[in-house]
Amino acid sequence: MRRVLRTYLMKLIYDVIVVGAGHAGCEAACASAGMGAKTCLITMDMNKIAQMSCNPAVGGIAKGQIVREIDALGGHMGEITDRTAIQFRMLNRSKGPAMWSPRAQCDRSKFIWAWRETLDNTPNLSIWQDQVTELITSHEGTARNAVAGVRTIWGVEIMAKSVIITAGTFLNGLMHIGRNKLEGGRCSEPAAKLLTESIASNGIRVGRMKTGTPVRIDGRSVHFEDMTEQPGDEACGRFSYMGDDRKLPQLPCWITYTNEAVHARLREGLEDSPLFNGQIQSIGPRYCPSIETKLVTFAGKDSHLLFLEPEGVNTQEYYLNGFSSSLPIETQIEALKLIPAFRDLKVYRPGYAIEYDYFDPTQLYHTLESKVVDGLYLAGQVNGTTGYEEAAGQGLIAGMNAALKLQGKEPFILHRDEAYIGVLIDDIVTKGVDEPYRMFTSRAEYRILLRQDDADARLTEKSYNAGLATQARLNHWLEKKQKIEELVQFCNEYSVKAALINDALITLGTTPLQKGCKLVDLVARPQVSIQKLAPYIAALQQFTDTLGTRRDGIVEAAEIRLKYSGYIMREREVASKMQRLENIRISGRFDYASLQSLSTEARQKLAAINPDTLAQASRIPGVSPSDINVLLVLLGR
């Protein structure tokens, strides 16, 4: 009897599918699952989940604030960083608190497995190892194409009403070292083929971007005695508002510099650099340039700063921050050997550049859902951003909104005066990107309101009401809030006598009192802090001792409120005025092409982006204040 062979197509059914298990994908999957959606996270390699493709560090200028916001919302990046940190530093301590930014060096392999442990133990979340090649869409019963699911390279159909694409640099990824090119999403990992074409076939615009990563160095070949040690903070800082102190030993980073001999050798290889010989056409990150770009852009500089950073507690692998490169292998190694500390250099692998596909983020709503395909969400580097933190923040918002939409609830949108994540999303969906977008404090006009210390005050209750932050997290914040209020009230009401405090004030380097005052007046002085005053004021010492393990965070929050109350109040007033424009919705109310009273550029930009609110319209490049006034007049009519 002849046997008939048939091809069976396996089908799986979920509420939400997340494609890609990088930093965006992990946060997106946990968020949607945490809000009750049956979620499937698809990854090509379960051993590379949340891989730190570049620097094994989390946080930094403005990025640290994003991580605190992710934690306050109920995400996981902060607490996983705390569990795997091998160095913690608070950057910009010499500046005002709006600029303070936490940063941690992590153990790369432990970070991956901490995330894997979190994902494996998240209810409603499944992991599927496969490669997605096609987006399944349907036009039935909708005004535009709607997501129905995905197909994979193994012939599996996974169906869902929401799909979140978080594919990082894998979409048609192409790596470069010198004149050598190799398809791949990361070193030794395959590129994702066909998916870009499937998504683009629905009318979504596609572009190409470039990023790079430095050489990895064998620490046994380094002369550390010729470098400057950079230790972490003595105090055990952390990211998570609910986490414990660091578990791993703290390791130092190291500082060295390039020199003229290094530059001369690098210049010899520039003709083989894919950045300058026409091999790479796409645009790389302005604020993280390759070493060859630095040589050309800053031709007059004799040296460039380099940071040698450990990859973990049980490895000799080090990351050379500041030496991103796609120059030929021999050029990279020979140049580095001209630095005294690297004279006997051995490397694990050279640096390389990578080109990849991204999608125009102006085709997204602030929820990160596509304006073109219903139920399709995009997050992370596929939106033209760069950085683990920026990706994770987007992933969290996309995951929350995918779940909320399925539940028929209001979307979760963060405004510019509420979070750096709100600034990030508003920037990319309103202005678009012409280079990989990176967050800085300078991008936020309300940065006094968006400090790293108060993300829980800004976001935890908001997230709880949306359904993500747990009751335990809310209670944790409310207890802290009460203690902050009590400490602020104590400082406002407690009277200090000049005779009893003047010796201490002289010791602390500030002017003695002529007469008694309230404690708040002393705390407002720049030379004085609550922690410094406590040993000299018994009642204050007694109060802070009752705060236990949360003392530092509570005291810091209360002190910032007392010292900077005037600045905070003024910025809130400015934000409130702008909020009036945020409340004026204009989406779908105008045929911009017919409004001859608008400038030509404004008509084109407004028609292309179709802003949701008048405030968003005011932030579109090319839309002038006079154009906004025209829209206000038309709205009045």
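No experiment lies behind these values; they were computed from the predicted model shown.
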Search all heavy atoms of [X] against all heavy atoms of [Y] and return the closest pair with its distance.
| X | Y | result |
| --- | --- | --- |
| C26 | A21 | SG-O, 3.6 Å |
| E309 | Q105 | CB-NE2, 3.1 Å |
| I112 | A50 | CG1-O, 4.1 Å |
| T166 | G25 | OG1-CA, 3.2 Å |

Acceptor/donor pairs from residues 87-94 side chains to any protein atom, 3.5 angstrom cut, sequence neighbours excluded:
| from | atom 1 | to | atom 2 | distance (Å) |
| --- | --- | --- | --- | --- |
| Q87 | NE2 | Q230 | O | 3.1 |
| Q87 | NE2 | L251 | O | 3.0 |
| N92 | ND2 | M99 | O | 3.2 |

Report task. Mark yes when over 12 heavy atoms from residues, nucleotides or ligands other than E410 sit less than 6.0 Å from its CD; otherwise mark no. Result -> no
Query raised in the report: Just wondering, are more than 12 heavy atoms of other shown residues or ligands nearer than 6.0 Å to CD in Q514?
Result: no
Drop me the distance from [X]'s [atom1] to [Y]'s [atom2], to the nearest 0.5 angstrom.
| X | Y | atom1 | atom2 | answer |
| --- | --- | --- | --- | --- |
| L468 | M400 | CG | CE | 5.0 Å |
| T613 | I584 | OG1 | CD1 | 8.5 Å |
| L500 | D503 | CG | CG | 9.5 Å |
| Q65 | F239 | CD | CZ | 9.0 Å |
| L562 | S529 | CG | OG | 12.0 Å |
| M77 | T118 | CE | OG1 | 12.0 Å |

Report summary line: Contacts of A85 meeting side chain to side chain contact (heavy atoms under 4.5 Å, CB included) (sequence neighbours excluded), chain-then-number -> A104, R246
Query - For S618, side chain to side chain contact (heavy atoms under 4.5 Å, CB included) partners two or more places apart - result: I628
Check whether any side-chain heavy atom of [X] lies under 4.5 Å from a side-chain heavy atom of [Y], and answer yes or no.
| X | Y | value |
| --- | --- | --- |
| T256 | L308 | no |
| R473 | D456 | no |
| V423 | D426 | no |
| R286 | E435 | yes |
| R443 | Y437 | yes |
| N321 | L306 | no |

Query raised in the report: Does a side-chain N-to-carboxylate-O contact under 4.0 Å join R83 and E79?
Result: yes
Query raised in the report: So does R619 pair up with E582, basic N to acidic O under 4.0 Å?
Result: yes
Report task. Describe, in one word, how the ring planes of Y494 and F490 are oriented to each other, choosing from parallel (under 30°), tilted (30 to 60°) and perpendicular (over 60°). Result -> parallel
Query raised in the report: Should the pair H23 and F111 be assigned to parallel (<30°), tilted (30 to 60°) or perpendicular (>60°) ring geometry?
Result: tilted
Report task. Taking the six-membered ring for Trp and the single ring otherwise, decide whether the centroids of F440 and Y287 are under 6.0 Å apart. Result -> yes
Query raised in the report: Does NZ or CZ of K462 come closer than 6.0 Å to the centre of the six-membered ring of F412, within 45° of the ring's axis?
Result: yes
Query raised in the report: Cationic tip of R447 within the cone over Y420's six-membered ring, i.e. under 6.0 Å and within 45° of the normal?
Result: no
Query raised in the report: Can you tell me if D107 uses its side chain to pair, donor with acceptor, with the backbone of T84 under 3.5 Å?
Result: no
